[in-house]
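Everything numeric in this text was worked out from a predicted model, so none of it was measured. So that the names make sense, note that chain A is the first sequence line, chain B the second, and so on, each numbered from 1.
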Amino acid sequence: MFKKILIANRGEIAVRVIRACREMSIASVAVYSDVDRTALHVRKADEAYAIGPAAARESYLHIERIMDVARRSGADAIHPGYGFLSENAAFAQACEAARIKFIGPTAAAMNIMGSKTSARRAMEAAGVPFVPGSSRGLTLDEAQKVADEVGYPVMLKAAAGGGGKGMRLVHHPRDLASAYEGASSEAARAFSSDEVYIEKYIAQPRHIEVQVFGDEHGNVVYLGERECSVQRRHQKVIEEAPSPIVDPAMRLRMGETAVRVAKAAGYTNAGTVEFLVDAQKNFYFLEMNTRLQVEHPVTELVTGLDLVHLQLRVAAGEKLPFAQADVQLRGHAIECRIYAEDPDNNFFPSPGKIAQLVTPSGPGIREDSGVFEGWTVPLDYDPMLSKLIAYAPTREQAIARMLRALDEYFVGGIKTNVELFRRILHDEDFAAGRMDTGLLDRMLAKKMSNSDLRDSAKIAAVAAAIFALSSAAKSSDSMCDGPSPDETKSANGNGAASGWKRTARREALR
Amino acid sequence: MFKKILIANRGEIAVRVIRACREMSIASVAVYSDVDRTALHVRKADEAYAIGPAAARESYLHIERIMDVARRSGADAIHPGYGFLSENAAFAQACEAARIKFIGPTAAAMNIMGSKTSARRAMEAAGVPFVPGSSRGLTLDEAQKVADEVGYPVMLKAAAGGGGKGMRLVHHPRDLASAYEGASSEAARAFSSDEVYIEKYIAQPRHIEVQVFGDEHGNVVYLGERECSVQRRHQKVIEEAPSPIVDPAMRLRMGETAVRVAKAAGYTNAGTVEFLVDAQKNFYFLEMNTRLQVEHPVTELVTGLDLVHLQLRVAAGEKLPFAQADVQLRGHAIECRIYAEDPDNNFFPSPGKIAQLVTPSGPGIREDSGVFEGWTVPLDYDPMLSKLIAYAPTREQAIARMLRALDEYFVGGIKTNVELFRRILHDEDFAAGRMDTGLLDRMLAKKMSNSDLRDSAKIAAVAAAIFALSSAAKSSDSMCDGPSPDETKSANGNGAASGWKRTARREALR
Amino acid sequence: MTYDVAVTSRDGKTTSYKVELKRSDAAGWICQVDGQPFTFDSAQPAADVLSLLVGGESYEVRRETAASNGNGQTGEQSIAVGGRRYVVEVSDPRSLRSRKAKAGSSEGPKKIKAPMPGKVVRILAAEGDAVEAGQGVVVIEAMKMQNELKSPKAGTLKRLIANVGMAVNAGDTLAIVE
Amino acid sequence: MTYDVAVTSRDGKTTSYKVELKRSDAAGWICQVDGQPFTFDSAQPAADVLSLLVGGESYEVRRETAASNGNGQTGEQSIAVGGRRYVVEVSDPRSLRSRKAKAGSSEGPKKIKAPMPGKVVRILAAEGDAVEAGQGVVVIEAMKMQNELKSPKAGTLKRLIANVGMAVNAGDTLAIVE
């Protein structure tokens with residue numbers, strides 16, 4: 001097993017991997033940009049080294065600086081997390097060259113999957129089902145031809161893309177040119193490649209993905225599916241396992257297809273095969289993510305496995321410790337991605353200082369967090385604060401449990417999407433498992449019922465007055481010394497907390 | 001299902017039950033004593049009512065006051081939690097009389113099990129194996145006779161007892177009289193009955209208990225065992241499931257015996273049958289706890305069930321939603337009971353204000369807590385703060401995970417036993433599963449190795465100096481207005497936190 | 001003590017309450033809301049947290065002050081009751097500050113402000129153009145996300161301060177519609 | 001700035017360090033411990049928390065001040081490094097307080113103090129009795145637990161303040177052994 005692992009990432013996933021290292025008695029090395037000096041991953045790691053300014057390309061995307069830290073610290077492996085360099089084949093090659101194990105697939109497998117067009121060629125050879133469209137990057141003219149062939153609506157996609165960036169849906173030929181321009185420029189910014197291609201647009205599809213895992217001895221297994229249809233702008237918002245519509249027969253078909261995909265690419269370690277599923281439950285290969293997914297915890301909870309422990313063991317050359325037949329799903333898990341963003345204001349990111357933080361806990365609740373009270377969320381990176389995951393014997397109970405946990409969750413000082421999740425989890429269609437990737441947009445288009453939001457306004461008003469009174473109190477208290485009679489008479493320390501009372505009393509005595 | 005449930009308890013278990021109510025859309029009613037006005041259970045419940053002064057017999061043990069709140073609030077059921085009135089048959093009867101469902105066994109079943117001597121009679125009739133000894137309360141003279149018959153060492157036990165109170169181990173006849181006096185007086189105080197009896201003392205036994213569950217339609221199942229051998233003064237300190245020594249055959253034998261015990265008492269709802277297990281793996285009936293156990297979470301994690309949800313459903317008259325064959329154990333779970341006590345000072349309780357609280361989270365970690373930062377732990381009740389539970393695929397991983405979580409756990413302002421758990425989990429015998437109820441006492445007798453404790457003393461010294469410098473700084477800062485240059489130049493809000501630097505700089509410039 | 005409290009729920013509706021806090025005969029407290037008696041017990045477990053018991057019903061209430069935006073104006077105060085948040089504005093008849101606070105309410109031509117720091121990547125309308133309510137005017141990019149800032153009302157794009165490539169702070173005015 | 005820091009680990013061993021904090025040429029800082037150079041970077045994520053990087057090694061350090069006991073004396077200061085706690089006593093040559101703090105160290109006859117509030121339920125020795133080190137003298141009950149307070153040394157039970165049924169606060173002296 002490895003002696004020391006460098007985590008080339010930040011935020012909750014860096015903390016997640018550091019925890020796994022600690023649990024396996026492996027030393028962990030964090031890297032950090034200037035704005036992350038006091039970040040959680042720096043504080044939890046055994047070692048930490050600065051790698052440059054806030055801008056990602058100067059720090060978390062800077063291969064040379066990270067490799068330099070790896071050498072200096074004597075790390076014998078690197079875990080890339082997700083995002084940043086996790087799917088960067090050049091980085092994987094740099095690790096190979098430095099004889100430092102990259103915890104993930106080989107650069108070769110990444111290259112196949114890294115470009116959607118090359119992935120498509122390989123997968124078509126392996127007989128994997130595809131959505132009709134082009135299998136390579138297109139010029140605008142070509143794009144127009146292919147769009148006419150497969151028929152509108154069509155989807156423009158960045159060949160080097162992922163996570164929804166550089167994607168555009170086009171309903172009418174007249175919109176194609178502007179969408180093409182937008183997609184390729186966004187792609188250029190995001191992936192420094194403006195290659196875009198076209199696919200037939202499947203109306204109201206589900207997004208269902210299969211977790212696969214391969215060791216370096218030719219064994220590949222699938223660990224069930226994840227339903228990720230609740231999306232906004234092609235970004236996942238809620239994920240769950242298992243999918244409400246996948247039965248054992250469909251799970252077997254999807255799973256075996258996913259394994260075929262992985263084997264066709266000579267894939268090792270953790271990977272995810274994403275499928276579009278239409279209303280008739282036909283599934284089409286979408287892409288393969290050659291990394292650990294944000295949403296891996298829901299799979300961990302229903303399988304009872306720890307995927308990061310597994311990643312490390314497989315990367316160290318161990319065989320998978322179980323066979324396909326040993327993988328059993330139990331119960332239901334749901335994940336909410338808690339973001340620093342403002343759902344009431346077009347989901348703008350809301351960086352800033354976390355003035356208060358109360359996190360849920362108790363039965364069936366897991367929180368993978370990258371933040372703490374007092375932390376100032378930098379505006380330089382993805383605004384995800386933490387992942388809240390609920391597990392229960394049934395989907396219905398898991399939803400109820402997540403709602404309970406959301407009620408316990410409080411982030412003060414910055415805006416978050418916590419209230420959005422309450423709304424989604426209360427939605428009839430979601431509760432019934434009637435989901436497609438358009439569900440959330442339709443929901444957001446609806447107006448919220450006032451009754452739902454206003455019935456405790458009176459309480460809020462009274463509380464606001466009490467707070468006002470107690471702050472007025474503090475200022476006056478600070479001038480007079482000695483505790484007020486109430487403080488001394490209070491039954492225990494907790495009683496004394498009720499500061500506003502004695503002030504109000506003072507008020508009344510005036 | 002019930003509309004509104006009163007929770008006749010406080011602390012983490014009250015919060016645990018309130019959470020379950022919320023998850024099942026049942027209104028929850030908390031009761032509180034004067035010192036608990038701001039306690040977590042009061043704040044999390046839908047309703048809360050004061051029931052009297054701090055002293056338990058004036059509040060949490062005051063049946064009339066609690067029944068009065070139940071009536072006023074219109075609760076249709078009462079959950080007693082553990083401790084307090086949970087095993088009080090009179091309370092169960094009062095509920096029956098008021099037509100309010102008591103969530104637990106019938107008063108009749110409690111009465112059978114409530115007195116160890118009557119329990120013994122019933123169980124002997126059902127052919128349950130017992131440790132040799134007396135089956136009823138004894139006078140001192142009788143005690144001496146029985147002790148001579150079964151042979152020393154013998155154990156004196158309170159007939160009405162539980163949780164180790166009113167127990168005494170006697171090695172020599174000459175110590176019997178004083179031990180008898182101590183046991184019966186302690187029993188009188190704790191259970192208002194000074195009845196004590198005698199059992200042969202089993203050297204180095206394990207304490208293993210079986211979780212049983214019965215519905216009101218005659219179905220009783222067992223949900224696997226819990227290993228509870230790590231004890232201090234007969235109080236459980238660490239519990240785990242499954243037991244490292246119980247194999248499927250033994251589990252079957254113990255489980256079926258436990259079900260026989262429950263059926264002999266006409267037992268319904270959640271219950272636990274405790275066994276002593278000797279070196280040859282013979283097991284002897286110890287007692288049945290007619291309530292939900294503190295350590296129920298480890299069973300929940302390995303079975304995937306929620307026992308409190310199940311309690312509510314069964315109490316509402318539902319059938320058990322599964323059969324014995326459906327109960328499958330998966331993985332391993334360990335629970336540490338975090339207490340406000342001082343292991344370095346004879347485990348004296350350490351009530352007081354929790355100045356800082358950092359709780360662990362992430363993969364496989366569950367915390368059931370009854371406290372929060374700023375809460376003043378009252379000295380009037382059991383000093384348990386919370387339960388930390390770790391789940392992992394294997395026992396080895398679960399231990400490593402718990403150690404990781406303990407490293408993340410920090411309670412400032414009061415003493416806790418967190419460090420004690422580190423020591424236990426690092427112990428060779430514990431790691432190997434070689435446990436008996438004497439393990440912890442033997443461990444505590446050993447001296448700690450210095451190396452283990454001193455190697456970061458230098459860091460502590462430097463940190464102490466930095467803190468001293470920064471507090472010195474604060475006082476001086478408060479006099480001069482305007483931010484220091486560092487504050488303005490800091491990349492983001494987090495940088496500014498490093499207050500001591502600029503002061504030290506000021507120092508240097510003097 | 002009497003306070004005028006304006007409570008705005010997430011759907012934008014604002015309700016005003018006159019809250020009078022008075023000591024009751026007993027240990028408890030009596031409060032009048034818009035002249036109607038309102039009895040409750042209150043305790044403060046921690047800073048910015050209140051536990052209210054209103055006739056037995058338990059309410060956990062938290063106060064927060066949103067992070068101040070780029071302009072150094074301190075952010076709005078909001079109150080969370082259970083899971084629900086309300087923006088509140090408390091004015092104490094005796095205090096001036098609160099009256100000042102009220103002043104800031106938007107009048108005259110509407111500004112399009114940057115809701116957070118970022119970079120302007122596209123301009124969708126020219127000065128003098130007629131714009132619809134909700135029509136995109138400026139696109140800024142932050143945290144790797146592009147966001148379109150829309151016109152708050154139908155009118156004319158009177159001024160366009162933003163230009164492509166410009167770095168903006170939260171609260172900066174990017175355009176004015178009249 | 002130079003501080004004398006006495007660090008006591010849980011096994012009772014105390015080590016003293018002379019810590020000098022000095023600004024380094026660069027942005028970093030140089031510290032001398034007992035005259036030996038000790039370089040590190042420090043940041044304070046929150047009150048009473050330090051993040052120290054010593055040649056790359058990351059240490060999370062927390063300070064706590066134990067709850068003051070019944071006598072109003074404020075409790076000892078301790079420093080937690082990772083999972084390990086140390087009781088520390090910092091004395092600044094220039095400050096008097098720290099020297100005062102030192103004074104409190106126990107001299108003369110040894111007191112048996114109540115470590116926390118409770119009730120005396122039994123007395124196991126009489127005034128004038130000879131007592132062994134570790135021999136039980138007083139039993140107090142608190143939080144439903146009985147705890148035996150033992151003599152800190154062999155000697156004579158010079159004074160017995162406690163009596164059965166008496167309620168005691170943390171820090172109260174119950175008996176004196178000489």
Chemist: Counting only non-hydrogen atoms closer than 4.5 Å, does A:Val358 touch chain C with its backbone (N, CA, C, O), its side chain (CB onward), both, or neither?
Modeler: side chain

Chemist: Counting only heavy atoms not in A:Glu181 (residues, nucleotides, ligands), do more than 12 fall under 6.0 Å from its CD?
Modeler: yes

Chemist: Pick one: which of C:Leu50, C:Val7, C:Val81, C:Val33 meets side-chain contact (heavy atoms from CB on, under 4.5 Å) with A:Ile459?
Modeler: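 Output: one option passes, namely C:Val81.
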
Chemist: Could you tell me which non-hydrogen atom of A:Ala457 sits nearest to which non-hydrogen atom of C:Tyr86, and how far apart they are?
Modeler: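 Reported closest heavy-atom pair: N-OH, 3.5 Å.
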
Chemist: Given the options A:Glu186, A:Glu408, A:Arg189, which has more heavy-atom pairs under 4.5 Å with chain C than any of the others?
Modeler: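 The residue among A:Glu186, A:Glu408, A:Arg189 with the greatest pair count is A:Arg189.
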
Chemist: Give, as side chain, backbone, both or neither, the part of A:Tyr409 having an atom under 4.5 angstrom from any heavy atom of chain C.
Modeler: neither

Chemist: Is C:Val121 close to chain A through its backbone or its side chain, or both, or neither, when contacts mean heavy atoms under 4.5 Å?
Modeler: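 C:Val121 has no heavy atom closer than 4.5 Å to chain A.
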
Chemist: Testing the basics here: between A:Lys458 and C:Tyr17, what is the closest heavy-atom pair and its distance to 0.1 Å?
Modeler: N-OH, 3.6 Å

Chemist: Compare every heavy atom of C:Ala80 with every heavy atom of A:Phe410, then report the nearest pair and how far apart it is.
Modeler: CE1-CB, 3.6 Å

Chemist: Is C:Arg84 paired with A:Glu419 through a side-chain N to carboxylate O contact shorter than 4.0 Å?
Modeler: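 Salt bridge: no.
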
Chemist: Select one option (side chain, backbone, both, neither) describing which atoms of C:Glu148 are under 4.5 Å from chain A's heavy atoms.
Modeler: backbone

Chemist: Work out which heavy atom in C:Val5 is nearest to a heavy atom in A:Ala464; give both atom names and the distance.
Modeler: CG1-CB, 4.0 Å

Chemist: Between A:Ala355 and chain C, which part of the residue has a heavy atom less than 4.5 Å away: side chain, backbone, both or neither?
Modeler: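 The answer is neither part of A:Ala355.
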
Chemist: Rounded to the nearest 0.5 Å, what separation is found between the CG atom of C:Leu52 and the OG atom of A:Ser456?
Modeler: 11.0 Å

Chemist: Find out whether C:Leu149 and A:Phe348 are in side-chain contact, i.e. whether some heavy atom of one side chain is under 4.5 Å from a heavy atom of the other.
Modeler: yes

Chemist: What heavy-atom pair brings A:Ala463 and C:Ile79 nearest, and what distance separates the two atoms?
Modeler: CB-CG2, 4.4 Å

Chemist: With heavy-atom distances below 4.5 Å as the criterion, would you say the side chains of A:Val462 and C:Tyr3 are in contact?
Modeler: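 Answer no - side chains too far apart.
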
Chemist: For C:Asp34, which atoms come within 4.5 Å of any heavy atom of chain A: side chain, backbone, both, or neither?
Modeler: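 Neither; nothing under 4.5 Å.
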
Chemist: Using a 4.5 angstrom heavy-atom cutoff, name the option from A:Leu406, A:Ile354, A:Val411 with the most pairs to chain C.
Modeler: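 Of the candidates given, the most pairs with chain C belong to A:Val411.
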
Chemist: Is it true that atom NZ of C:Lys150 has more than 12 heavy atoms of other residues, nucleotides or ligands lying nearer than 6.0 Å?
Modeler: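 Yes, enclosed.
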
Chemist: At their closest point, which heavy atom of C:Arg62 faces which heavy atom of A:Phe467, and how far apart are they?
Modeler: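 That would be C-CE1, 4.5 Å.
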
